[in-house]
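Beneath this line is the structure, given in structure tokens, with notes to follow.
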Amino acid sequence: MRKVAVVVGSLRRESINLRFAKALARLAEGRMVFDLVDLSDVPLYNDDLWQQPPAGVLRLKRELDAADAVLFVTPEYNRSIPAVTKNVVDWGSRPYGQNSWAGKPAAIVGTSPGAIGTAVAQAQLRSILVGCGVRLLGQPEVYFQTKAGLIADDFSIADDKTRAFLAGFIAKFADHIERVAARSSTP
Ligand SMILES: Cc1cc2nc3c(=O)[nH]c(=O)nc-3n(C[C@H](O)[C@H](O)[C@H](O)COP(=O)(O)O)c2cc1C
């Protein structure tokens, strides 16, 4: 089964994006394994730190490199991506010549209480990741407006239509990962 590293761009214990990531992990069960990347000890990017890389950075790079794909679950801050999300992108892209993103299949989703559900942040993240060489899933786009009760305590999606839509996203993401893998193994 394909391993997906899940990058949640929020450090908050009660993060709605973390909750959303867990709901997606549940929908992916049996098809892909979602592993949450621990960002609690990843410092702000500083090129000097490569001289003696912090354990959190080495672990992040290891997990990204070992993953078959990456799922970005990003909040929107001030109509952009939060520093937490960008920090992961920057660490992953270095050291020079060891870009963890090159050729990596990935998808972007995100949730906010606002009606446009992180659309602006996702558009910005999309352009950053394309520049890093990530192979992004184009459709479906997932702009998830958080509403009370939509994600149950067991991380199931309460509403049938929403569940079906998100299950469709998971299926397309899984297909995308296989397509990218097949293309990169073709001589
Ligand atoms: C600094 C800051 C800026 C924010 N800007 C936006 C925004 O531009 N658009 C939006 O939909 N929500 C915005 N929000 C609200 C977040 O969507 C909300 O706090 C959300 O819960 C953050 O995600 P998290 O729960 O996963 O941490 C902002 C929140 C903060 C703290």
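Ligands are counted one by one from 1 in listed order, and the atoms in each one are counted from 1 as well.
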- Message: Assess, by modelled atom type and distance only, whether the side chains of Ser80 and Gln124 contain a donor and an acceptor separated by less than 3.5 Å.
- Response: yes

- Task: Examine distances only and state if a side-chain atom of Arg163 and a backbone atom of Leu27 form a donor-acceptor pair shorter than 3.5 Å.
- Result: no

- Task: Write down the atom of Ala174, the atom of Arg31, and the distance for their closest heavy-atom approach.
- Result: CB-NE, 3.5 Å

- Query: Side-chain donor-acceptor pair under 3.5 Å between Tyr143 and Glu141, yes or no?
  - Reply: yes

- Would you say the side-chain atoms of Lys104 pair up with the backbone N or O of Leu136, donor to acceptor, closer than 3.5 Å? no

- Query: Who are the residue neighbours of ligand 1 when the rule is a heavy atom under 4.0 Å from any of its atoms?
  - Reply: Ser10, Arg12, Ser15, Ile16, Asn17, Pro75, Glu76, Tyr77, Asn78, Arg79, Ser112, Pro113

- Message: With a 6.0 Å cut-off (strictly less than), is the heavy-atom count around CG of Asp47, excluding the residue itself, greater than 12?
- Response: yes

